[in-house]
Amino acid sequence: MAIKMKKLYEGKAKIIYSKSASQVVASYKDDATAFNNLKKGSIKNKGIINNTISSYLFDVLNHCKIPTHFIKKIDKKSQLLKKVDIVPIEVLVRNYFAGSLSKKFGVKEGTKLPDTLIEYCLKSDELGDPHISTDHILNLGLCDLDHLELIEEYSLRINDILTGIFYSIGINLIDFKIEFGLTKKTKELILADEISPDTCRLWDLKTNKKLDKDRFRRDLGNVEDAYIEVMERLNLKI
Ligand code: TMP
């Protein structure tokens, strides 16, 4: 980035810089955390790889008429985005039991869910992102009913689109996490944050090999290779 921009926010995986009143630049980092910051590390080239993968997927979603914050990829590590106020909830979309859902109900990871399951967490590092219900969301005023209905509708459509993309490259989309935001002036609800192996569970269709951040969370090794494999199967180059 040639021009010095004001840093607005530094998260666990990205730094957000101010570009104008309505635009920001997100710079992807190699840092990796898990279990609400308890485990810290870094994944070589993660910033470049996730920026490439997320830029591609958001571009597809834009073309599929899902409104998103993504404007364009600027360079290896950064993207130009519409500025939003993030809705403080994490939306978890699940096609199979895995992770915290498997733990909660004692069901083997990889068991297919009869229907797509949407769960919500409050975005709060201090509170450890607790799971919340739609009644919590409305009662606490985290977002209004119209927007919550839209979040559910978009989440299911995004799931359909992503499931198809990954299936076509021999990957099963087990689950993923997305976030939404409201644009500054018009308060339009749009998809924000990122979609990458950091935020999805991606298993090889034939072998069930994990190609996502669980390799980091669970010390399975070859984390960078798995991220690169997802990028290359998507036919993307850095
Ligand atoms: P979970 O099984 O740990 O609840 O995670 C569900 C999905 O959401 C999985 O693909 C990982 C992703 N995720 C994030 O991207 N960030 C988070 O902070 C959490 C808890 C999950």
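One is the number of the first residue; the rest follow in order along the sequence.
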Is it true that Phe105 and Ile118 fall in one hydrophobic cluster, defined by side-chain heavy atoms closer than 4.5 Å? no

Taking Asp75 for its side chain and Ser78 for its backbone only, find out whether a donor-acceptor pair lies under 3.5 Å. yes

Between atom OG of Ser22 and atom NZ of Lys185, what is the distance when rounded to the nearest 0.5 Å? 7.0 Å

Looking at CD1 of Ile178 and CG of Leu162, how far apart are the two atoms once the value is rounded to the nearest 0.5 Å? 8.0 Å

Within the distance-only criterion (no hydrogens, no angle test), does the side chain of Glu109 pair as donor or acceptor with the backbone N or O of Gly99 below 3.5 angstrom? yes

With a 4.5 Å cut-off on side-chain heavy atoms, are Asp160 and Thr116 touching? no

Candidate pair Val25 and Ile16, rule side-chain contact (heavy atoms from CB on, under 4.5 Å), full reasoning: CA-CA 6 Å; Val25 168; Ile16 307 294; over 6 Å; no

Between the side chains of Asn159 and Thr163, is a donor N or O closer than 3.5 angstrom to an acceptor N or O? yes

Using only atom types and a distance under 3.5 Å, with no angle test, would you say the side chain of His136 pairs donor to acceptor with the backbone of Ser133? yes

What distance do Thr134 atom OG1 and Glu119 atom CD have between them, rounded to the nearest 0.5 Å? 12.0 Å

Nearest atoms (heavy-atom pairs only) where Ala32 meets Ile43: CB-CD1, 3.8 Å

Ile161 side, atom CD1; His63 side, atom NE2 - distance, nearest 0.5 Å: 12.5 Å

Whether the Asn172 and Tyr96 side chains hold a donor-acceptor pair (N or O, under 3.5 Å, no angle test) is what I'd like checked. yes

In this structure, would Val93 and Ile190 fall into the same cluster of hydrophobic residues linked by side-chain contacts under 4.5 Å? no

Please tell me whether Leu101 and Ile132 are part of a single hydrophobic cluster in this structure, the criterion being side-chain heavy atoms less than 4.5 Å apart. no

NZ/NE/NH1/NH2 to OD/OE distance under 4.0 Å, Asp214 and Arg201: yes

Are the side chains of Tyr167 and Leu205 in contact, using a 4.5 Å heavy-atom criterion? yes

What's the shortest heavy-atom distance between Lys187 and Leu182, and which atoms? O-CD2, 3.8 Å

For Leu173 and Asn95, the nearest pair of non-hydrogen atoms, with its separation, is O-ND2, 3.1 Å

Which of Lys46, Lys29, Arg217, Lys177 passes salt bridge (charged side-chain N to carboxylate O under 4.0 Å, His left out) with Asp198? It is Lys46

When you group the ILVMFWY residues by side-chain heavy-atom contacts below 4.5 Å and let the links chain together, are Leu202 and Ile174 in the same group? no

Kindly state whether the ring of His69 and the ring of Phe58 have centres lying under 6.0 angstrom apart. yes

Steps toward side-chain contact (heavy atoms from CB on, under 4.5 Å) verdict (His147, Asp144): CA-CA 5 Å; His147 284 147; Asp144 63 30; 3.3 Å; yes

Carboxylate-amine/guanidinium proximity below 4.0 Å for Arg215 and Glu224: no

N-O pairing of Asp193 and Lys14 below 4.0 Å: yes

Looking at side-chain heavy atoms only, is the closest gap between Lys213 and Pro197 below 4.5 Å? no

Below 4.0 angstrom, N of the basic side chain to O of the carboxylate: do Asp85 and Lys184 qualify? yes

Could you walk me through whether Asn62 and Thr68 satisfy the side-chain hydrogen bond (donor to acceptor under 3.5 Å, both in side chains) test, starting with their C-alpha distance in whole Å, then the side-chain angles of each, then the deciding distance to 0.1 Å, before giving a yes or no? CA-CA 6 Å; Asn62 276 340; Thr68 86; 2.7 Å; yes

Side chains of Phe180 and Cys143, heavy atoms from C-beta outward: is any pair under 4.5 Å? no

Taking C-beta and beyond as the side chain, do Thr183 and Glu188 meet within less than 4.5 Å on heavy atoms? yes

Taking side chain as C-beta onward, heavy atoms only, is Leu122 less than 4.5 Å from Leu142? yes

Before giving the answer on side-chain contact (heavy atoms from CB on, under 4.5 Å), spell out for Ile15 and Leu8 the whole-Å C-alpha distance, their side-chain angles and the decisive distance to 0.1 Å. CA-CA 8 Å; Ile15 305 174; Leu8 288 179; over 6 Å; no

All heavy atoms of Leu127 vs all of Pro130, minimum pair found to be O-CD, 3.6 Å

Please enumerate all residues that pass side-chain hydrogen bond (donor to acceptor under 3.5 Å, both in side chains) together with Thr52, with sequence neighbours excluded. none

So, is the end of the Lys6 side chain (NZ or CZ) under 6.0 Å from the ring centre of Tyr17 and within 45° of the ring's axis? no

Does either side chain, that of Ser196 or that of Glu194, offer a donor lying less than 3.5 Å from an acceptor on the other one? yes

Report whether Ile86 and Ile158 are members of the same hydrophobic cluster (ILVMFWY, side-chain heavy atoms less than 4.5 Å apart, transitive linking). no

Looking at Lys112, I'd like to know if its NZ atom is crowded, meaning that more than 12 non-hydrogen atoms belonging to other residues, nucleotides or ligands lie closer than 6.0 Å. yes

Please check if atom NZ in Lys103 has more than 12 non-hydrogen atoms from other residues, nucleotides or ligands closer than 6.0 Å. no

Test side-chain hydrogen bond (donor to acceptor under 3.5 Å, both in side chains) applied to Ser55 and Gln79, step by step: CA-CA 7 Å; Ser55 291; Gln79 327 176 330; 3.2 Å; yes

Nearest 0.5 Å please: distance from the NZ atom of Lys210 over to the CG atom of Asn208. 7.5 Å

What's the shortest heavy-atom distance between Val230 and Ile53, and which atoms? CG1-CD1, 4.0 Å

Give a yes or no answer on whether the side chain of Asn51 reaches the backbone of Lys76 with a donor-acceptor pair at less than 3.5 Å. yes

Between Ser102 and Val107, is there a donor-acceptor pair closer than 3.5 Å when you use the side chain of the first and the backbone of the second? yes

Quick one, Leu148 and Tyr120 - any side-chain contact, counting heavy atoms below 4.5 Å? yes

Nearest-0.5 Å distance that lies between atom CD1 in Ile89 and atom OG in Ser124: 13.5 Å

Take Met5 and Ser18 through the test side-chain contact (heavy atoms from CB on, under 4.5 Å) and record every step on the way to the result. CA-CA 6 Å; Met5 292 181 291; Ser18 176; 5.8 Å; no

State, with a plain yes or no, whether a side-chain heavy atom of Leu211 is found less than 4.5 Å away from one of Ile171. yes

Please give me the minimum heavy-atom distance between Leu92 and Cys121, naming the atom from each residue. CD1-SG, 3.9 Å

Lys39 atom NZ, neighbour heavy-atom count above 12 within 6.0 Å: yes

Is Asp204 salt-bridged to Lys209, cutoff N-O under 4.0 Å? no

Between Lys12 and the options Asp125, Asn37, Asp31, the side chain to side chain donor-acceptor pair (under 3.5 Å) test singles out Asp125

